[in-house]
Amino acid sequence: MEMEKVYNSKNVEEKWYKYWIENKTFSSKPDESRKPFTIVIPPPNVTGSLHMGHALNNTLQDIIIRFKKLQGFNVCWVPGTDHGGIATQNVVEKLLKKEGKTKYDLGRDKFLETMWKWRVETGDTILDQLKKLGCGLDWDRTAFTMDETRSKAVKKAFIELFDKGLIYRGKRLVNWCSRCGTALSDIEVEYEDEKSNLWHIKYPFRDSDGYIIVATTRPETMLGDTAVAVSPDDERYADVIGKTINLPLVDREIKVVSDYIVDKAFGTGAVKVTPAHDATDNEIAKRNNLETIEIIDISGKMINVPEKYSGLSVVEARKAVVADLEAQGLLIKTEDYSHSVGRCYRCATTIEPLMSEQWFLNVSGMSKKAVDAANEEKTKFYPQSWKKPYVLWLENLRDWCISRQIWWGHRIPVYYCVDENGQRKPDCKPVADFETPKECPDCKGTKFFQDEDVLDTWFSSALWPISVFNWGEDENNEDLKYFYPTSVLVTGHEILYLWVARMVQFGIEFMKDIPYSHVFIHGIVRDKSGKKMSKSLGNVIDPLGIMDKFGTDALRFALAQAAAPGRDMQVSDESFLAARNFANKIWNASRFIIMNLEGIDKLDDNIKPAELADDWILAELQKTYNKVCSAYETYDMDSAARELYDFFWTKFCDWYIELSKIRMTSADLKVKKQVLEILVYVLKSFLQLASPVMPFITAEIWQTLNKQSEEWGVKSEDKGIIAESSLPFIAGKDKVLTRQSGVIQGMNTNGAEPALKQLQTIEKMKSIQDIITKIRTIRSEMNISPAAQINAVFNVSDNGNESVSFAKDNQDYIKRLAKLETVSFEKDAKRPKNSALAVAGGLEIFLPLEGLIDIEKEKARLAKEIALAGQEIERTKSKLSNENFVKRAPEAEVEKIKERLKEAETKIEKINDSLKFLG
RNA sequence: GGGCAGUUAGCUCAGCUGGAAGAGCAAUUCCCUUACAAGGAAUAGGCCGCAGGUUCAAAUCCUGCACUGCCCACCA
């Protein structure tokens with residue numbers, strides 16, 4: 001088995017992602033004998049090209065899917081894309097603009113044709129990129145929010161809600177984006193602080209000389225004022241309530257009203273009320289029966305105002321109004337003021353609140369049920385800190401404005417009965433239907449026209465977990481029954497409300513069940529300095545470039561490692577480089593093992609641990625196995641990645657493989673085979689555990705190992721495909737898979753409890769490691785070349801001493817890793833001249849270094865050791881002299897401290913003794 | 001205004017059901033010891049944001065404060 005010296009990710013990746021697709025490794029069919037594990041992808045917009053956010057989101061999902069598959073679940077991960085409403089329309093409009101055209105030049109039908117053409121040409125780019133990322137998606141299920149099946153679901157949902165009376169049409173104050181030319185829902189508005197002014201304006205009373213001063217950030221809207229409001233308990237204004245004001249510039253009479261919402265401490269305590277263009281004012285108007293005058297139209301121009309201002313933009317009108325007020329001496333003062341301004345989340349245009357006829361969805365019933373589901377932990381959040389804001393949001397939810405005045409999207413399936421002239425018949429109720437109705441239920445008329453608006457893109461997204469399983473076609477189909485509710489939703493917190501909350505509401509509404517039991521919320525990928533990546537900042541890291549440069553597994557590992565629950569993460573080339581190095585380490589350790597299989601007969605699956613290192617690595621493997629599995633299960637991908645890294649590099653490579661070389665070079669092939677069996681066993685276990693994060697490299701090595709087995713005539717159940725293999729799990733009750741305790745086979749427990757035995761083994765190994773490290777430190781500090789073979793003399797004062805016999809048993813380890821020529825055990829050994837001393841594990845070790853040692857250096861080194869031990873003595877003594885500590889701390893703790901004190905004391909004693917022999 | 005997170009080595013972060021401060025990267029020294037220089041060995045580097053409290057014992061629990069970031073709000 002030849003393996004390249006350096007891991008070449010390109011060839012390996014190409015091979016495997018094609019394999020998984022061609023062999024439909026991740027295809028899923030309902031199977032009642034197995035438990036499903038389902039994820040629906042957060043469908044990326046068709047406009048999209050893979051960015052770091054997608055890379056993270058999908059890596060995390062793939063880790064879960066691959067892990068669950070190893071556990072034996074029938075996994076189903078559904079891919080797809082979202083038509084992306086406004087965002088997508090904007091992209092195509094921009095393309096048109098380059099040709100000097102607008103959508104109106106084309107007209108609705110032609111424009112939609114262009115949209116579809118564009119969607120067909122570019123819409124699958126991102127799905128192809130997900131394939132490269134290695135995602136174990138079931139490609140046969142690929143869905144699009146505007147394909148036929150999904151469209152049926154949208155219509156079906158709309159009609160159901162319409163017929164229940166939950167969808168209604170009305171003229172309300174909505175958030176209007178004049179650039180996109182559409183209404184937006186409340187959450188589609190993003191607020192940003194902006195420096196502006198607070199203008200104080202004098203409003204004179206009609207019947208007296210007095211006036212009232214209002215403070216406003218929007219002077220231009222005064223043209224539409226229909227009242228001034230003050231707080232009911234503001235004494236300053238108590239006697240002006242009810243008075244009439246002559247509205248400047250317009251010369252209209254308005255009243256002073258009182259309303260609880262007015263904060264008397266803010267500004268002047270008096271608020272101008274513009275019901276048609278401010279949400280709060282609108283409510284004040286409702287409570288006080290005020291008139292509503294619309295003065296800004298949907299293009300952002302002034303209307304219904306004195307001719308002078310008519311047709312001006314909002315910005316122009318503001319200037320003009322301020323200038324005119326000033327000229328009339330009505331502008332009292334202009335303060336600097338910073339306040340937040342709403343912007344369109346798609347194009348950043350300032351949002352204009354205005355009155356408009358729109359479709360709304362009454363969500364009060366659904367949101368209550370969604371809140372209950374969260375409170376009853378039916379939907380569980382990871383990390384759970386998201387539950388509170390989620391519930392809070394749902395509790396304060398207002399009706400959802402679902403109509404959009406754009407063309408790209410699901411056209412609202414409502415039909416109006418019209419007369420011969422195409423005029424709507426006022427007495428006929430609109431009808432919601434899948435297609436144009438044959439006959440009007442009210443007048444038996446047969447002419448209709450369909451509502452012009454389309455639905456908010458999030459309406460179809462909210463149906464995603466049910467629409468992908470063909471709910472729109474058949475709500476009792478097998479897939480839906482088997483795969484719904486899904487297992488976990490993985491997404492970033494930026495769409496928690498926009499999407500997650502709505503899916504839950506729709507799931508409960510249409511399926512009578514939550515769409516998923518877990519919601520795994522991850523952070524945002526930021527750049528090296530913690531900034532959000534954005535095109536305008538130019539700090540975007542392209543995941544495809546990273547895949548190319550460092551390998552996909554490196555990208556995935558680095559992302560997983562950074563994905564600590566509940567926080568944003570910073571990535572940089574260094575993190576990808578470290579991950580690539582890890583991949584290379586895995587590759588080379590495997591190469592070493594595989595190379596050594598040359599000329600060996602068939603390995604026995606039943607490993608036979610023979611010595612300390614064997615027991616130790618198996619104990620460490622068991623620990624890692626437990627930790628990694630539970631980390632995957634709780635979506636702590638960062639700890640999973642860390643455990644894998646630490647185990648493989650620090651435990652397996654640095655210690656076990658190095659120690660295995662003693663037996664590997666043995667002339668006795670039986671000995672070599674025995675250790676190879678364990679090496680292969682541990683490697684394979686590791687590969688399985690790591691495969692969810694690093695699917696490519698693990699697949700390749702697994703297959704290489706399998707080829708070797710085939711050469712020995714061994715056929716494996718998984719055909720050499722790691723994704724088809726299973727972790728050592730057993731099926732428990734109700735087909736729920738539980739982890740088997742003590743699954744790592746073969747450890748010598750000698751009758752002890754496995755867990756305890758593991759601990760003891762690790763402790764023992766630690767003392768050997770300690771001896772080796774101490775000797776290595778001396779070598780390094782004395783500048784002894786690694787090539788120089790030196791000797792070590794263990795001073796044996798008491799032959800029955802446990803640590804002595806233990807060191808004796810494992811002297812080969814010490815010899816090998818500390819690079820010693822000989823190791824000897826001498827009773828009452830005298831420190832040789834010009835030697836160095838190591839004290840480890842209660843043992844005294846002399847390293848005769850005639851000609852190599854620098855006496856002064858050694859003295860200084862020992863002095864440092866004494867100082868360190870002295871500190872330890874101080875610390876432990878002060879603890880022990882504390883009566884309360886001895887009395888109240890657990891006995892084991894006190895014993896431990898006593899042990900440490902004793903150890904430090906003998907250490908100093910030994911060092912002092914030997915110092916006498918120095919120089 | 002309300003809420004949520006974070007503050008630990010130069011950088012990125014672990015550790016937080018309380019019992020001797022950890023990793024990776026960067027730095028320093030030595031080494032191409034045949035799995036790996038994308039590597040190995042060793043070293044240095046931290047009053048664990050500040051102030052109190054609980055406890056025999058606090059990075060870890062509690063309270064307050066500061067700063068940073070995010071989210072929500074009817075910021076005239």
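Here is how names work: the chains are called A, B, and so on, in the same order as the sequence lines, proteins then strands, and each is numbered from 1.
- Between the C1' atom of B/U34 and the CE atom of A/M664 lies a distance of 13 Å, rounded to the nearest Å.
- Nucleotides B/A42 and B/G22 are separated by 15 Å at their P atoms, to the nearest Å.
- Within 4.0 Å of A/K887, counting heavy atoms only, lies no atom of the nucleic acid at all.
- OP1 or OP2 of B/C13 lies within a sub-4.0 Å distance of a side-chain N or O belonging to A/Q570.
- Nucleic acid contact class of A/R900 (heavy atoms, under 4.0 Å, all strands): base.
- Comparing atom distances between the A/E658 side chain and each of B/C72, B/A20, B/A35 picks out B/A35 as nearest.
- Across B/U33 and B/G39, the matching C1' atoms stand 11 Å from one another, rounded to whole Å.
- A/A578 comes within 4.0 angstrom of sugar-phosphate atoms only, judged by non-hydrogen atoms across all strands, and of no base.
- Look at CD1 on A/I657: it is 18 Å from P on B/U33, rounded to the nearest Å.
- For A/E781, the side-chain atoms get nearest to B/A42 when compared with the rest of B/C36, B/A42, B/C71.
- Per the geometry, CZ belonging to A/F381 stands 15 Å off P belonging to B/A5, to the nearest Å.
- Scanning both residues, A/E872 and A/R900, for their nearest heavy atoms gives OE2-NE, 2.9 Å.
- Nucleotides B/G19 and B/C32, compared at atom P, are 44 Å apart to the nearest Å.
- Note on A/W649: only backbone sugar-phosphate atoms sit closer than 4.0 angstrom, heavy atoms only; bases stay farther off.
- Here B/A38 is the nucleotide among B/A42, B/C30, B/A38 with the atom lying nearest to any side-chain atom of A/N584.
- For the 3.5 Å distance criterion, the side chains of A/Y345 and A/E190 fail to qualify, holding no donor opposite an acceptor.
- Among the atoms of the strands shown, base atoms are found under 4.0 Å from some heavy atom of A/P890.
- Where A/Y645 and A/K819 meet RNA chain B, the nucleotide closest to each residue was compared, and A/Y645 sits on the side nearer the 5' end.
- When each of A/V682, A/T698, A/I697 is paired with A/L687, the side chain to side chain contact (heavy atoms under 4.5 Å, CB included) condition holds for A/T698 and for no other.
- Atom pair A/L676:CG and B/A35:P shows a separation of 13 Å (rounding to whole Å applied).
- For the C1' atom pair drawn from B/C74 and B/A21, the interatomic distance equals 50 Å after rounding to whole Å.
- Distance check on atom P: B/C4 versus B/U63 gives 11 Å, rounded to whole Å.
- Using a 4.0 Å heavy-atom distance criterion, A/Y337 is classed as a sugar-phosphate-only contact.
- Among the atoms of the strands shown, base atoms are found under 4.0 Å from some heavy atom of A/A589.
- The shortest distance between side-chain heavy atoms of A/I295 and A/E220 does not fall below 4.5 Å.
- Taking only side-chain atoms of A/R567, from C-beta outward, the nucleotide of B/A76, B/A14, B/C36 with the closest atom is B/A14.
- When distances are taken from the side chain of A/I261 to each of B/C71, B/A5, B/C74, the shortest belongs to B/C74.
- In this structure, CH2 of A/W386 is placed 12 Å from P of B/C4, rounded to the nearest angstrom.
- Residue contacts shown for A/D263 include a base, since a base heavy atom lies under 4.0 Å away.
- At a threshold of 4.0 angstrom between heavy atoms, the contacts of A/E883 with the nucleic acid are absent.
- A/K388 comes within 4.0 angstrom of sugar-phosphate atoms only, judged by non-hydrogen atoms across all strands, and of no base.
- Distance, A/Y390 OH to B/G3 C1': 18 Å, rounded to whole Å.
- Put simply, CD on A/E574 is 14 Å from C1' on B/A38, counting in whole angstrom units.
- Among the atoms of the strands shown, none is found under 4.0 Å from any heavy atom of A/I524.
- Spacing of C1' atoms, B/A9 relative to B/A5, comes out at 23 Å, to the nearest Å.
- For the pair A/N596 and A/F885, both in contact range of RNA chain B, the more 5′-proximal nearest nucleotide belongs to A/N596.
- Set against B/A42, B/A76, B/A14, the side chain of A/T773 has B/A42 as its closest nucleotide.
- Heavy-atom minimum distance, A/V6 versus A/N584: CA-ND2, 3.6 Å.
- Here, B/C47 and B/A58 have their C1' atoms 14 Å apart, quoted to the whole Å.
- Here the side chain of A/S385 is nearest to one of B/C30, B/C4, B/C36, namely B/C4.
- Using a 4.0 Å heavy-atom cutoff across all strands shown, A/K864 reaches sugar-phosphate atoms only and no base atom.
- Donor-acceptor pairing under 3.5 Å, judged by distance alone, is present between the side chain of A/K585 and the base of B/C36.
- Considering every non-hydrogen atom in both A/Y390 and A/Y497, the closest pair reads CA-CE2, 4.0 Å.
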For residues 640-652 of chain A, please give each side-chain donor-acceptor pair under 3.5 Å, one per line with the distance, not counting sequence neighbours.
unit_1	atom_1	unit_2	atom_2	d
A/D646	OD1	A/T650	OG1	3.2
A/D646	OD2	A/K651	NZ	3.2
A/T650	OG1	A/D646	O	3.2

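- Between A/D281 and A/K272 the shortest heavy-atom distance is OD2-O, 3.3 Å.
- Side-chain N/O atoms of A/K661 include none lying less than 4.0 angstrom from OP1 or OP2 on B/U33.
- Regarding A/I772, its CD1 atom lies at a distance of 21 Å from the P atom of B/U33, rounded to whole Å.
- The A/R776 side chain lies nearest to B/A41 when the options are B/A41, B/A20, B/A76.
- Closest to the side chain of A/N581, from the set B/A38, B/C70, B/U33, is B/A38.
- The stretch residues 559-568 of chain A participates, sequence neighbours left out, in these side chain to side chain donor-acceptor pair (under 3.5 Å) pairs: A/R526-A/D568.
- Residue A/R580 is in base contact, counting any heavy-atom pair closer than 4.0 Å across all strands shown.
- Separating the C1' atom of B/U7 from that of B/A51 is a span of 15 Å, rounded to the nearest Å.
- No donor-acceptor contact under 3.5 Å links the side chain of A/E893 to the base of B/A20.
- Looking at heavy-atom distances under 4.0 Å, A/A564 makes contact with sugar-phosphate atoms alone, never a base.
- Note on A/N588: every side-chain N or O is 4.0 Å or more away from OP1 and OP2 of B/A38.
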